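All of these numbers come straight from a predicted model, not from anything done at the bench. Residue indices begin at 1 and follow the sequence shown.
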Amino acid sequence: MKLKRIMMFVAAATMLFAACGKDDDKSTPTAADNQLVYNGKVYQAEGAEGNVNSNNAQLGFSGEKDGIYFMVDCHIQDVANRTYDLTQEDADHVLHFHIVVERPGAQSQEDIFDLQYQNGPHLWYFLNGDNVSNVSAFTSGTAETTLTDTSIILSVSGTLVNGKSLAFRVVLPREE
């Protein structure tokens with residue numbers, strides 16, 4: 001009888017830990033190299049394009065998946081190894097990106113995701129027709145820039161004001 005109670009306790013504890021793991025899966029997503037994840041849907045590009053001039057970078061990727069076009073275009077001022085809080089203004093380290101996901105011939109906003117985000121010199125965003133100043137498009141999230149000898153990487157992960165999750169990771173090889 002005592003062994004049966006112990007086994008029941010172990011089973012209950014195991015189910016509790018498994019349930020916690022399932023909640024973690026609903027957290028903000030992460031993206032693989034040159035990948036966009038919006039609202040649980042994954043869009044993979046073949047590679048990134050762009051350039052780095054002095055301390056500024058222009059980078060992004062585009063592609064098509066199942067007849068859906070997607071594009072990520074980013075501008076980073078003062079490229080360095082840095083973490084940005086996407087909910088906050090940062091006039092000294094400007095980050096801007098534009099993301100589009102649309103079906104060809106889209107007739108309604110339900111078929112289009114169009115986000116433009118800027119953290120400086122003031123917060124601003126455009127999201128599916130809503131043009132908003134002095135407020136972030138994100139309720140939570142971070143962006144990280146990583147500069148290595150061989151590449152520049154921009155990783156973004158957060159939750160938008162529309163309640164949907166967004167993540168992307170652009171990896172641009174650095175030319176010598």
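The distance from atom CZ of Phe97 to atom CG of Leu166, rounded to the nearest 0.5 Å, is 6.5 Å. In this structure, the separation between CG on Leu127 and NZ on Lys164 is 9.0 Å, given to the nearest 0.5 Å. Remark: Thr150 OG1 to Leu172 CG distance equals 10.5 Å, nearest 0.5 Å. Atom CD1 in Ile153 sits 6.5 Å away from atom CG in Asp33 (nearest 0.5 Å). In this structure, the separation between CG on Leu160 and OH on Tyr125 is 9.0 Å, given to the nearest 0.5 Å. The distance from the CZ atom of Arg82 to the CD atom of Glu144 is 12.0 Å, given to the nearest 0.5 Å.
Under the side-chain hydrogen bond (donor to acceptor under 3.5 Å, both in side chains) criterion, His98 pairs with Asp114, not counting sequence neighbours. For Tyr38, the ring pair (Phe, Tyr, Trp, His ring centres under 6.0 Å) partners are Phe113, not counting sequence neighbours. Every residue meeting the side chain to side chain contact (heavy atoms under 4.5 Å, CB included) condition with Thr142, not counting sequence neighbours, appears here in chain and number order: Thr83. For Asn53, the side chain to side chain contact (heavy atoms under 4.5 Å, CB included) partners at least two apart in sequence or on another chain are Asn51. By the side-chain hydrogen bond (donor to acceptor under 3.5 Å, both in side chains) test, Ser155 is found to be paired with Arg169, residues two or more places apart in sequence or in another chain being considered.
Clustering ILVMFWY residues whenever any of their side-chain heavy atoms sit less than 4.5 angstrom apart, transitively, puts Tyr84 in the very cluster that holds Leu115.
Within the 4.5 Å cutoff, side-chain heavy atoms of Thr139 are placed close to those of Val161. For the pair Glu46 and Asn34, the minimum side-chain heavy-atom distance is 4.5 Å or more. Asp90 places none of its side-chain heavy atoms less than 4.5 Å from the side chain of Leu95. Counting only heavy atoms from C-beta outward, the side chains of Asp78 and Asp92 never approach each other to under 4.5 Å. A 4.5 Å side-chain heavy-atom check between Asn81 and Thr148 finds every atom pair outside the cut-off. Side chains of Asn56 and Ile76 form no contact here, defined as non-hydrogen atoms less than 4.5 Å apart. Proximity of Phe126 to Gln118: side-chain heavy atoms (C-beta onward) are nowhere separated by under 4.5 Å.
In this pair, Tyr117 and Phe138 present their aromatic rings perpendicular. The plane angle is above 60°, beyond the 30 to 60° band.
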Pairs of donor and acceptor atoms involving the side chains of residues 59-74, under 3.5 Å and at least two apart or interchain, shall be tabulated with distances.
unit_1 : atom_1 : unit_2 : atom_2 : d
Lys65  : NZ     : Val42  : O      : 2.8
Asp73  : OD1    : Gln58  : NE2    : 3.0

